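A quick write-up on the structure given underneath.
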Amino acid sequence: MNLGVCYFPEHWPRERWETDIEAMAEAGLEYVRMAEFSWAAIEPERGEFDFEWLDEVVDLIGEYDMQAVLCTPTATPPKWLVDEHPEIRQETFDGTTLEFGSRRHYCFNSDAFREETDRIISEMAGRYADNPAVAGWQTDNEFGCHETVRCYCDDCEAAFREWVAEKYNSIEDLNESWGNRFWSQQYNAFDEIDAPGPTPDGHHPARLLEYARFSSDSVVDYNAFQADLLREIDADWFVTHNFMGHFSDLNAFDVSDDLEMVAWDSYPTGFVQEMSPEEPTVDELRAGNPDQLGLNHDLYRSARDRPFWVMEQQPGDINWPAQGTQPADGAMRLWAHHASAHGADGIVYFRWQRCLEGQEQYHAGLRKQDGSPDRGYHDATQAADELAAIGGEDGVDHVDAPVALLFDYDSCWALEEQPHAPDFDYWQLLESFHGALRARGVQVDVVPPTNDLEGYDAVVAPALHLVTDEITTRLEEYVEAGGELLLGPRTGVKDAYNKLRPALQPGPLTDLVGATVEQHDTLPERIETVVSPVDGDDSYGFRTWAEWLEADDADPLFTYEMDGIEDGHTAAVRNSVGDGTVVYCGVWPDADLADELVRPLLARADVDYTERLPDGLRINHRDGRTWVTNFTSDAYRLETGDDTDWLVGDSTIDAFDVAVADDDLSDEFGVEPLE
Amino acid sequence: MNLGVCYFPEHWPRERWETDIEAMAEAGLEYVRMAEFSWAAIEPERGEFDFEWLDEVVDLIGEYDMQAVLCTPTATPPKWLVDEHPEIRQETFDGTTLEFGSRRHYCFNSDAFREETDRIISEMAGRYADNPAVAGWQTDNEFGCHETVRCYCDDCEAAFREWVAEKYNSIEDLNESWGNRFWSQQYNAFDEIDAPGPTPDGHHPARLLEYARFSSDSVVDYNAFQADLLREIDADWFVTHNFMGHFSDLNAFDVSDDLEMVAWDSYPTGFVQEMSPEEPTVDELRAGNPDQLGLNHDLYRSARDRPFWVMEQQPGDINWPAQGTQPADGAMRLWAHHASAHGADGIVYFRWQRCLEGQEQYHAGLRKQDGSPDRGYHDATQAADELAAIGGEDGVDHVDAPVALLFDYDSCWALEEQPHAPDFDYWQLLESFHGALRARGVQVDVVPPTNDLEGYDAVVAPALHLVTDEITTRLEEYVEAGGELLLGPRTGVKDAYNKLRPALQPGPLTDLVGATVEQHDTLPERIETVVSPVDGDDSYGFRTWAEWLEADDADPLFTYEMDGIEDGHTAAVRNSVGDGTVVYCGVWPDADLADELVRPLLARADVDYTERLPDGLRINHRDGRTWVTNFTSDAYRLETGDDTDWLVGDSTIDAFDVAVADDDLSDEFGVEPLE
Amino acid sequence: MNLGVCYFPEHWPRERWETDIEAMAEAGLEYVRMAEFSWAAIEPERGEFDFEWLDEVVDLIGEYDMQAVLCTPTATPPKWLVDEHPEIRQETFDGTTLEFGSRRHYCFNSDAFREETDRIISEMAGRYADNPAVAGWQTDNEFGCHETVRCYCDDCEAAFREWVAEKYNSIEDLNESWGNRFWSQQYNAFDEIDAPGPTPDGHHPARLLEYARFSSDSVVDYNAFQADLLREIDADWFVTHNFMGHFSDLNAFDVSDDLEMVAWDSYPTGFVQEMSPEEPTVDELRAGNPDQLGLNHDLYRSARDRPFWVMEQQPGDINWPAQGTQPADGAMRLWAHHASAHGADGIVYFRWQRCLEGQEQYHAGLRKQDGSPDRGYHDATQAADELAAIGGEDGVDHVDAPVALLFDYDSCWALEEQPHAPDFDYWQLLESFHGALRARGVQVDVVPPTNDLEGYDAVVAPALHLVTDEITTRLEEYVEAGGELLLGPRTGVKDAYNKLRPALQPGPLTDLVGATVEQHDTLPERIETVVSPVDGDDSYGFRTWAEWLEADDADPLFTYEMDGIEDGHTAAVRNSVGDGTVVYCGVWPDADLADELVRPLLARADVDYTERLPDGLRINHRDGRTWVTNFTSDAYRLETGDDTDWLVGDSTIDAFDVAVADDDLSDEFGVEPLE
Ligand SMILES: [Mg+2]
Ligand SMILES: [Mg+2]
Ligand SMILES: [Mg+2]
Ligand SMILES: [Zn+2]
Ligand SMILES: [Zn+2]
Ligand SMILES: [Zn+2]
């Protein structure tokens, strides 16, 4: 495990640097991430570079046997640069130019900014080439933060025109592909195509989807530009980027193709406030939700199928969510173990010390504003000791996931554009299925539908909205060969251009599913929503969305038991195809129903699973070890057999506590509430 | 009854056209509305016209003994046109120019667009002059949709200056009429008058009302321009327009003066979500509210005092409200009968087939995306058979309404500008009175206060806010001659320029009412609101608004029974004038109180009425027939006498069911819940 | 007591002027405020002045032994002026120019408008110099209304650059002071500094605080410009300004330095709707909240430490809050007495008669639109008689407040920028402490922390967020000398530039407090929040914010009794310093806890206090008299001893009633509900 911390030496007097770095080393930290917002410190005026401060800090880091992770400082072009090149600024959908005064105030398609990027990276990376104290680089910082993936400036408009001209054979091809006959939206030339902006009614879904793809591609291209520059200068250091959690606008799989290593920034108490379907519970406010975090861990681990880093780990209270609530005692330690359990190889706390100035004064560090240890510091040192004791081999210890969850950015973008129900949210729907797997102690990879699936015992695709022929073939071959596939609602609705097909849903997957969708329905909370298994009396709830199915080859699994039009219709079917099985579920299941779908799937796929774990208590397997993490304020007794070799903790797990066993606990695993 | 469907042949391959049209004919449909968004299909480049596709479809329609209703395609000027004339685009109140990419992206006062309109209509209408397969034309499509009546561009600003210069003798006259001494808002010349825009505080109510009138007049003028063009080309076809429901910004009475026939677009499950005072019930989510629909049916029927068309009838689930909930089984049939019962002569379903592309993919058609019949198709064919069996004579069968409800756009606009209570809504207040009449099985005309009233047994004016001398005289003469008049709160407050008069409310109506308004009060829900009849003990509720009255000649009818300042004051009065009676009610009545006002009104006016019907179950009389429509999920037994001749259904009416009798059921009519 | 009314003769025909003024005199009114929006009436075209109407009215006022308070009409520059100088208009944060059509459409930093101001004031004031019927002037009207203190136009940007250049020695000094290393926000020259505008993420807190200060200073400077002009013309008349209630953006202390007399505009039923922490109760909707009003009375009285005027007193229902609810019977009389009790020397009702035209038609006057007396008129005449009977000497009768509440605009601005909890509101936090003092019948001065404190027995500083060395010294000296100090949460967090200090909170106050803040926490409602005294079992609630303390010299007073991380930590401490005591409370107390903090404070400070009064019933002492004001719909018996000399009312106080005794009732005072 690589432990580290984010540090801003440029904020502190030179005389503190060595004290700080010595203290980091003593705390068991090995990496120091720096310089992501330091452009003005490095180049206070055009062409006048000041590397002295950074040289000195990098040297000190080396002296204490640590390594620096440096960042390209492109997220914060200085005022003099913006004043020289005001055209680099982003423009919002409604035409507002975003000014200097925070960060991320540049456009990914600006030629001027591309030149500036080249210049600053060449200077900066050139200076530290072959420096053994520099381990690698982070490109920029949190691409897309503050809704900056999608820019609507003139440079972007021009680039979008080029992008479509490259993608389509002709304007007729584009009109046909998008379906521009609708509302007389045909174009006569690529030059007629604008970046979207304010219109009387909503935009064409094909145009919006293409703009989303183009915007994501623009960042991919800009990141590749940075990564290539860095590698040209020194091929030995790693290049990474710190992604964000539950972030839709940027295709992280595509960006990751140009990275050696994937990293992301984990802020558990912020995520539960901003991304949960309901108001967070008190426990969630204090420690976050392990499955919400886990979904991101799994996604970013899968992006390169290797251990990832948490490049910013929440250290205490934070400034950006509505409530700056303090984490529970031990939460920072819990998060470190939980990340490790999900396959992290590095955990870098953000930040070393609470900042005295600027926008993040209400963001804790491992040290308080006066330099004394804060709550996170004690957690971090405990975690460092424990993780060292556990051992493990960096870049090698593997999370072996028997189940793949398919995450499709195209489907996500299309559904965000046309949710058709106020509370339809792609991420939350994925969480429903992911959470059901995690509640059975199962490891999950989160991969795009274009990935190779043959290694997985089971595949779950909660809302594979856009389906191409390629994906169809891939899924058919997977099931034929014995794969177990679980599909969720709104699957197979659209073609690659966000158009309906002239066939009933699930479109090209109809043969595979053995059924068609006869109707879809959106259901506000005040309509009671119930399904029952065809072979039983139990009732299960669902939310937001219902499709009723006409089974052809497939067997009905669940039927609606409701007042009104759904009643008696089929809600889910199972179909045997070749050596495998496909289940199509037409509703957004609540947790009990999701378990009823996932348990038989695991059984058919011969995947080990546990009893159903309490909310907030999770186990993970990684390379022969088992982590138990408790995100609740309740204590539990773990039933694991007598000879369990506990590396951390033991079979009594307290509130917000962790236990790690040197063993693959799974079928034998049980949990009892204490008291 | 004229049944039809909206069709977009330009979206489908030529080889499907005949199949589709044959299927329409088989379904009992006689009209095909087309081409309202087809400008780019007809004129893909300036001056290059392609009518081949439309010719062929019109011919096919003729061959199958149907007729086309064509539309001028002006709602969607193509991209090439917008690029040539960017000045045609609308500008919002806050100065944003609305771009190409949806529809309605043109300004009604653009000279350039007027020229383009002339050009495309001349070409298109010229082509189909004297074509017997073309029955008539719809001008444009849903004028004002997406809040486009009021544009604030330079063309509109110039046109507004001309409009005021024409209306007022001098700038002094304007200043005096508006009351511009307030806050130094005098102008020295018409040229100083701008279109409204962002200001520190709210705008002058007179200026806003005039801008609302000017904006409505701009659409009236543009529609007349289209209608005149069409009639010049062929005097035989009818010209209509498809209005929207509960739509305030456009004076439909004024537009209708230039139409042979009025049509509107009915989307019951959308309206209950967007225009109801409270969250819709589950039944309303599934079938809409019959009185909300009925108010619009009555308004558009009354606009030309003749049968109207529903030009777009909701066919199933729809895309634009928050919830895309499926209608109840039978709802599409129910709506067809309900429209017919309210005086419709035509019902045109929107659309034939679910569209594969563009903004409306989540909008059902009578056919699914694969061409197979959808739920609406079965309903539509059943309704077609039943309506054919019922018979009736188009353009002749009359709804004989004994009661007029006065709808005044000026009052609506003035009250929208100054609601003075967060939940004061003119449409919803009208519904309270209209619904009370409908719950007693009474037919209602919805007419402007400038209409001739002498044919009506009773007149109800829920909030006749702006009152001119002309209206005063009209109402006085009506009552003197024996008319029965019921006035609601906020009546007689303003003069024609949205100024207060130097007299207590109801201003010029004071003599007629025999009382003045001493105070008005706005009442949030947490204040208990109760009135009692002066001669009884019952308590009745009201909402939002209270006026207390000082009776002069009039007799108190209701007094407030409340904690606090209203207590003991008079809430409603009755006054005898000549041979008639006036009741003034100073509160927004709840349903029970509205019934207490309406029942005696009907009795005095000698209008037949039924027992009070359950919410959602309604009866209508039209030309000797009676429709019973059930918008609820409950079944009822209808008590109608033994010899009722049922044309559709019978005395047992199921959930969302219809019964039609060949008889004028009314005083003998009763309803009992089944089970 | 000076009673008056606001009058707009320019809205009414000349023939009514004498009738109106005679009626005012008869009603006991002595002052007529006029002309604040009259620019266009006075100068209908550039250079063409019409003073005839105003001359005549001023003469009439003199004839009836009344006096005019004239206003500079700068709040409403006429259209011709705006068209000549469009550059005077304000620009919003997001770049929108605010147009003509309401009021306050000018920028405080516009040179062009400064010239126009000079011109109109010179003409107007010159005309009335030495006119004995003109008592004084109000500058402009409600500076900052409709969020107009902060303008972002080019003139403001240039003025801001000058302002910072004047304040800071060098750009390096500014960078260092603000902390601009954060996110590369350094500037290389003052000319690089822009007015804030839209940015991807939030702005730098130092830049925002300086813009807030600059904006307030701009108004201060503009007001001084007006006041100086007026005094140059006639040194004898007073200059005042009518401030608003609970208004943050403008430093009223600074503006008041240039005024002889402070006035403010009191709208009780509007304030409870717009500025209360919760939905107002029915009683509050009908009469407002006495402590909310009282906080403003106390602030504006303290601004010049002398009697103030209410320049606009709510006369009845008003137009601008969400609900235009009628005040309770007697409320207008209640407010007049309550203002007098808090130290008002003048009460001017807004307005004489309901206006027939423009934006304020839904605002009552003392007279209805037809000229007949409205409810407020009867209240006002009763209050006039009673206040005359009570006697008192204008400008002399003093409110002797033993306690100072520190109000700090810098802290207010900093906390509005970074509330860090959705419901943290500086004004409401101040009300919690102010209300606790008022519930014990204590008079309170509201003063800035830079004021001399030695005259006060106790000082309360609810959230002294920004603390300078000067303030530190002042507070230390105050306590050393025997002062009693109560500090609230979030005190001592920031330096003068809105930066954290490199020391734990309360920073420079740590020695004084004898404790440090170990952590802060924000607490949404769903977390239970309880503290208990260290020496007792009672439980007390708090809201929103918790700090836990490490006591050094200080003694713990309260500890948290909660599930979770706060439990057992110290919530408040007491420290003895020199001859005085400091209490630091780390939470936002509910009313019971605030009383537990305030009662011992008063006891230690030897301040007389009453039993705890019911919500809404308050007593005030002023110059040997005691006012009891009842803002509730309940009646009470007052226990005051047998020999109380009642000047108004008696010991039975009805709903919304007043009693005034010629005695200093306090320790002997009790209250019992009347059934
Ligand atoms: Mg654009
Ligand atoms: Mg404009
Ligand atoms: Mg600017
Ligand atoms: Zn851009
Ligand atoms: Zn326009
Ligand atoms: Zn300005």
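The figures here come from the full heavy-atom set of this structure, side chains too, leaving out hydrogens, waters and symmetry mates. Every value quoted in this text rests on a predicted model; they were computed, and no experiment measured them. Here is how names work: the chains are called A, B, and so on, in the same order as the sequence lines, proteins then strands, and each is numbered from 1.
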Interchain contact, [X] with chain B, by part (heavy-atom threshold 4.5 Å):
| X | result |
| --- | --- |
| C/T97 | backbone |
| C/P321 | neither |
| C/P44 | backbone |
| C/S633 | neither |
| C/F100 | both |
| C/D329 | both |

- [ ] Please state whether the rings of C/H146 and B/W183 are parallel, tilted or perpendicular, taking 30° and 60° as the class boundaries.
- [x]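 Because their plane-to-plane angle lies in the 30° to 60° range, the rings of C/H146 and B/W183 count as tilted.
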
Structural part of [X] lying under 4.5 Å from a heavy atom of chain C:
| X | value |
| --- | --- |
| B/D495 | neither |
| B/A503 | backbone |
| B/N188 | side chain |
| B/R207 | side chain |
| B/E518 | both |

Kindly give the heavy-atom pair with the smallest separation between [X] and [Y], and that separation in Å.
| X | Y | result |
| --- | --- | --- |
| B/P422 | C/A322 | CD-O, 3.3 Å |
| B/H420 | C/I318 | CE1-O, 3.3 Å |
| C/S38 | B/S184 | C-OG, 3.5 Å |

- [ ] Answer yes or no: is there an ion pair linking B/R501 with C/D370, defined by an N-O contact shorter than 4.0 Å?
- [x]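 No, this pair does not count.
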
Task: Side-chain ion pair, B/D521 and C/R286, N-O less than 4.0 Å - done: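 Here B/D521 pairs with C/R286 in a salt bridge, since their nearest N and O are under 4.0 Å apart.
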
Please answer whether the main-chain N or O of [Y] pairs with a side-chain N or O of [X] as donor and acceptor at a distance below 3.5 Å.
| X | Y | answer |
| --- | --- | --- |
| C/T325 | B/L523 | no |
| C/S102 | B/H203 | no |
| B/T199 | C/G101 | no |

Side chains of [X] and [Y]: closer than 4.5 Å at any heavy-atom pair?
| X | Y | result |
| --- | --- | --- |
| B/N498 | C/E357 | no |
| B/R526 | C/L285 | yes |
| C/Q323 | B/P524 | yes |
| C/Q359 | B/H204 | yes |

Task: Closest-packed option against chain C by number of heavy-atom pairs under 4.5 Å, given B/G202, B/A189, B/P419, B/A421 - done: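 Most heavy-atom pairs within the cutoff with chain C belong to B/G202.
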
Open item on the list: Tell me which of these, B/G95, B/G564, B/G179, has more heavy-atom pairs under 4.5 Å with chain C than the rest.
Closed with: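 Ranked by contacts with chain C, first place is B/G179.
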
Open item on the list: Hydrogens and angles aside, do B/Q519 and C/Q326 bring a side-chain donor and acceptor to less than 3.5 Å of each other?
Closed with: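 Side-chain D/A pair, B/Q519 to C/Q326: present.
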
- [ ] Starting at CD of B/E192, measure out to NZ of C/K79 and round the result to the nearest 0.5 Å.
- [x]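 Result: 5.5 Å between the selected atoms.
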
- [ ] To the nearest 0.5 angstrom, please state how far the OH atom of C/Y362 sits from the CG atom of B/L500.
- [x]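 Going from OH on C/Y362 over to CG on B/L500, the span is 7.5 Å.
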
Open item on the list: Looking at chain B, which one of C/D374, C/L98, C/L356 has the largest number of heavy-atom pairs inside 4.5 Å, strictly under?
Closed with: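 Looking at each option in turn, the highest pair count goes to C/L356.
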
Open item on the list: Below 4.5 Å, heavy-atom pairs only: which of C/R104, C/E360, C/Q90 has the largest tally toward chain B?
Closed with: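 Max contact count across the listed options: C/E360.
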
Open item on the list: Exactly one of B/P200, B/P196, B/P198 should register a side-chain contact (heavy atoms from CB on, under 4.5 Å) with C/E99. Which one does?
Closed with: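 Among the candidates, only B/P198 passes.
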
